[in-house]
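Data first, discussion second: the structure below is written as structure tokens.
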Amino acid sequence: MIQLTHEPIDYQASVERVRSHSAGAVLLFLGTVREMTQGRQTLALDYDAYPEMAKVQMQKLEAIARERWPIIELEIVHRLGHLELGDISISIAFSSPHRREAFEAGQFLIDEFKKVVPIWKQENWSDGTKEWVHQ
Amino acid sequence: MIQLTHEPIDYQASVERVRSHSAGAVLLFLGTVREMTQGRQTLALDYDAYPEMAKVQMQKLEAIARERWPIIELEIVHRLGHLELGDISISIAFSSPHRREAFEAGQFLIDEFKKVVPIWKQENWSDGTKEWVHQ
Amino acid sequence: MTLTILLFAQAKDLAETARCELELPAGATVADLRESLLARFPRLQPLSSRLLIAVNSEYVAEHVVLSPGSEVACFPPVSGG
Amino acid sequence: MTLTILLFAQAKDLAETARCELELPAGATVADLRESLLARFPRLQPLSSRLLIAVNSEYVAEHVVLSPGSEVACFPPVSGG
């Protein structure tokens, strides 16, 4: 299941939904708003998206991961809009029979997400300037 | 923080405690009781431990991980006693500035945990037999 | 054909619009669209080589031929997560 | 010296006790203790080479010399997590 939301992410609900009697492992990755980036202080982040394409790309990502690893249940939620320090921007939760594949799949999912899903963040620096992040 | 408990593990409390404004990533790994193991059906698991040594080894594990990766906050909780299908046996939650080190550290922590921490599980197979697991 | 282009993030800010229409000859490719877009919005030039173009929610190669009715989007490298 | 040995998991089940006392000469090593333990509990034999011995909550090498008052534990490979 993939989702874009403007509300705070309820990661516990995701974890509960992916738990399974077939699973020996559950992995949850959260991206959170970090205060310091290369010596500069952030006050907040604003996330913008191209929602229709983001959903298509997220679904593709899920399909690719399911082809490569025996994922049982998977939920990816990304938050959009204005996020304060410490807020959760993304939650990736999934279950798998064994632990090793869980770490591989988790790293793949977040790495690929950051390459292909059309979402952009704008830094609100503490000096009052705003800046789009283009990694 | 490391903990052994006979109660269900409150992983959300762990995640909330490790979240930090210095963190860009939070990783949670849960081990859960899987029904099928190499074609055999489990009804439940019983976990036994040598608690004093388990705590020493868990603290060592935390110290080694903190030396190798810039972990901000870390909590490892292992449950002991009788666990039913789907129950959480271990929760490893921690925060780090960036995501890459999170996956490396997470894999290290669970792999090493399973090698050095004196905890043993006994399978309650569906045919009524019990068997200690010695991997 | 007339194509509607959606713009996002810094591309939207630099172009000062979230969407625009471009008139392109039949058989025009993604490369042609890129050229036409930069001509229309010279302020996109600094992003130029990094500007991504998607057609119907998929990333496409420069030589792909555009069809009328396609949903085209133009944006800088993504930075979600 | 008299050492108290704690037994866990399958080692406890096979020995049918969670603790025992062993009388060892001064200067005895972990290897000596292992031998003495297997002599006392022949039923531990199937676990023999896999039996782990810890002293004061640390894994120790076979040549380490034991001290009176050490907390010694004996158990099969761990399987937590």
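Chain naming here is simple, since letters A, B, ... match the order of the sequence lines and numbering starts at 1 in each.
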Whatever's closer than 4.5 Å to a heavy atom in chain A on Leu6(C) counts as side chain

Name the region of Asp13(C), side chain, backbone, both or neither, that has any atom closer than 4.5 Å to a heavy atom of chain A.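 It is the side chain, since no backbone atom gets that close.
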
So which of [options] has the largest heavy-atom pair count under 4.5 angstrom toward chain C?
| options | answer |
| --- | --- |
| Pro118(A), Ala49(A), Ala54(A) | Pro118(A) |
| Leu45(A), Val116(A), Asp48(A) | Val116(A) |
| Ile76(A), Ile110(A), Leu30(A), Val117(A) | Val117(A) |

Does Gln57(A) form a side chain to side chain contact (heavy atoms under 4.5 Å, CB included) with Glu58(C)? I'd like the steps, not just the answer. CA-CA 8 Å; Gln57(A) 294 295 324; Glu58(C) 295 291 350; 3.4 Å; yes

Whatever's closer than 4.5 Å to a heavy atom in chain C on Lys60(A) counts as side chain

Heavy-atom distance under 4.5 Å to chain C: side chain of Gln122(A), backbone, both or neither?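 The side chain, not the backbone.
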
Distance in Å, Phe8(C) CZ paired with Met53(A) CE, rounded so as to fall on 0.5 Å steps: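 Phe8(C) atom CZ to Met53(A) atom CE measures 9.5 Å (nearest 0.5 Å).
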
Roughly how far, to the nearest 0.5 Å, is the CG atom of Leu14(C) from the CH2 atom of Trp132(A)? 11.0 Å

Could you check whether atom CD of Glu35(C) has more than 12 heavy atoms from other residues, nucleotides or ligands sitting under 6.0 Å from it?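 Not buried by this count: 12 neighbours or fewer within 6.0 Å.
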
More than 12 heavy atoms from other groups under 6.0 Å of CZ on Arg19(C): no

If every non-hydrogen atom of Ser89(A) is compared with every non-hydrogen atom of Gly81(C), which pair is closest and at what distance?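 What the structure gives for the nearest pair is OG-O, 3.2 Å.
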
If you compare all heavy atoms of Ser57(C) against all heavy atoms of Tyr50(A), which two are closest, and at what distance to 0.1 Å?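 That closest heavy-atom pairing would be OG-OH, 4.3 Å.
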
Would the distance check show the side chain of Trp120(A) and the main-chain N or O of Gln10(C) forming a donor-acceptor pair, the cut-off being under 3.5 Å?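 Checking the backbone N and O of Gln10(C) against the side chain of Trp120(A), no donor-acceptor pair under 3.5 Å is found.
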
Does Tyr47(A) reach the main-chain N or O of Ser79(C) with its side chain, forming a donor-acceptor pair under 3.5 Å? no

